[in-house]
Amino acid sequence: MKDRLAAYYIERGAFLEGRFELTGGGTSDFYVDGRLIATYPPALRLIAAGYARLIAEHDLLDDDGTLVGPALGGVPIVTALGLELDRPFVIDRGKAKGHGRGRRFEGSFGEGPRCLLVEDLITSGSTLQDTVRALREEGREVDTALVTVDRQEGGPAALAAIGVTVRALLTQADLRAAAGSNP
């Protein structure tokens, strides 16, 4: 599964090497475009199956727990995983909308307090940290986040500092190996 998923990143041009400006500031010598993968059904199915395997192997989600995906990168993934597991899910908008019901989280939470985060990529971990804080403010419990790619730039350590374990399907090193390059 890991090799096939890494191959999709290379084949679809979703892993590029060069010089890139990052959203959070700074530059990087590689770029990961998770949207090219999350919008490609064979890769998305593989991600959902990989996450389902991790959930089962490590007992990461209670029967009454909730899957949560941050917008934008986590939305197709949490949708595919919800379909794979036949479970409802919640989308984190990132902030409460300023109209209608003014909700930050769209969808219905399960009866239990436990939530499992799913996201396409982790760099510094700031997006997931923000989601964790907001969920905890709502009385939810979060101890694990599943990510498709760990850029290996401190995100898992930042989440560990707030009690959340990150489990990744792939790392930057895996993608570089698949591309035939060295870090």
Side-chain angles (χ1 to χ4, degrees), residues 1-9 14-15 24 30 32-38 40 42-92 105 109-110 112-136 140-178 183:
M1 187 280 306
K2 186 175 181 176
D3 291 342
R4 184 70 220 136
L5 185 56
Y8 281 136
Y9 276 85
F15 176 74
F30 70 98
V32 179
D33 188 346
R35 285 153 189 86
L36 285 176
I37 299 304
Y40 182 60
L44 188 56
R45 276 192 291 275
L46 192 58
I47 291 167
Y51 282 176
R53 188 189 76 241
L54 284 174
I55 290 166
E57 285 175 4
H58 301 284
D59 193 29
L60 300 178
L61 189 63
D62 300 333
D63 289 341
D64 58 357
T66 304
L67 298 168
V68 179
L72 179 67
V75 173
I77 296 170
V78 76
T79 302
L81 184 57
L83 290 167
E84 176 81 13
L85 299 176
D86 195 26
R87 295 182 72 120
F89 55 90
V90 169
I91 296 168
D92 177 15
F105 295 101
F109 285 97
R114 193 170 183 199
C115 292
L116 177 64
L117 298 183
V118 298
E119 178 66 294
D120 68 334
L121 179 75
I122 188 168
T123 303
S124 69
S126 60
T127 299
L128 287 174
Q129 285 176 314
D130 182 55
T131 298
V132 168
R133 278 191 286 278
L135 287 167
R136 288 176 176 169
R140 301 290 165 182
E141 298 171 4
V142 184
D143 61 15
T144 305
L146 302 179
V147 299
T148 308
V149 177
D150 174 6
R151 287 181 53 101
Q152 298 178 294
E153 295 181 0
L159 265 74
I162 62 169
V164 177
T165 300
V166 173
R167 296 183 184 274
L169 295 178
L170 296 172
T171 64
Q172 169 204 155
D174 295 326
L175 293 174
R176 287 187 190 270

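Keep in mind the model is a prediction, meaning the values are calculated, not measured. Each residue takes its place number in the sequence, starting with 1.
Atom OG1 of residue Thr144 and atom NE2 of residue His58 lie 9.5 Å apart, to the nearest 0.5 angstrom. Distance CG/Leu146 to OG1/Thr165: 10.5 Å, rounded to 0.5 Å. Rounding to the nearest 0.5 Å gives a distance of 4.0 Å between CZ of Phe105 and CG of Leu135. Remark: Phe30 CZ to Gln152 CD distance equals 7.5 Å, nearest 0.5 Å.
Here the closest heavy-atom approach between residue Gly82 and residue Phe89 is recorded as CA-CD2, 4.2 Å. Looking at every heavy atom in both residues, Ala6 comes nearest to Asp174 through CB-O, 4.4 Å. Across every non-hydrogen atom of Gly125 and Leu159, the tightest pair is O-CD1, 3.5 Å. Across all non-hydrogen atoms, the minimal contact from Ala43 to Leu5 is O-CD1, 4.3 Å. Scanning all heavy atoms of the two residues, the minimum distance from Leu169 to Met1 falls at CD2-CE, 3.9 Å. Across Val166 and Pro156, no two heavy atoms sit closer than the pair CG2-CA, 3.9 Å.
Two residues are said to be in side-chain contact when any heavy atoms from C-beta on lie closer than 4.5 Å; Tyr51 and Arg167 fail this criterion. You'll find the side chain of Leu170 reaches within 4.5 Å of the side chain of Lys2, heavy atoms only. Residues Leu128 and Val147 are in side-chain contact: their nearest non-hydrogen atoms beyond the backbone lie under 4.5 Å apart.
Under the side-chain contact (heavy atoms from CB on, under 4.5 Å) rule, Tyr9 has a single partner from Asp33, Val32, Leu36, which is Val32. Of the options Leu44, Leu46, Ile47, a side-chain contact (heavy atoms from CB on, under 4.5 Å) to Thr148 is made by Ile47 and by none of the others.
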Less than 3.5 Å apart, which donor and acceptor atoms pair up between the side chains of residues 115-124 and the rest of the protein, not counting sequence neighbours?
| from | atom 1 | to | atom 2 | distance (Å) |
| --- | --- | --- | --- | --- |
| Glu119 | OE1 | Gly74 | N | 3.0 |
| Thr123 | OG1 | Arg151 | NE | 3.4 |
| Ser124 | OG | Ser126 | N | 3.4 |

Could you go through residues 60-73 and list every donor-acceptor pair under 3.5 Å that involves a side-chain atom there, pairing it with any protein atom two or more places apart or in another chain?
| from | atom 1 | to | atom 2 | distance (Å) |
| --- | --- | --- | --- | --- |
| Asp62 | OD1 | Arg114 | NH1 | 3.1 |
| Asp64 | OD2 | Gly112 | N | 3.4 |
| Thr66 | OG1 | Gly110 | N | 2.6 |

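Residues forming a side-chain hydrogen bond (donor to acceptor under 3.5 Å, both in side chains) with Asp92 (at least two apart in sequence, or on another chain): Arg104, Thr131.
In this structure, the side chain of Gln129 engages the main chain of Ala158 through a donor-acceptor pair within 3.5 Å.
Note on ring orientation: taking the six-membered ring where Trp is involved, the planes of Tyr8 and Tyr40 are perpendicular (angle over 60°, cut-offs 30° and 60°).
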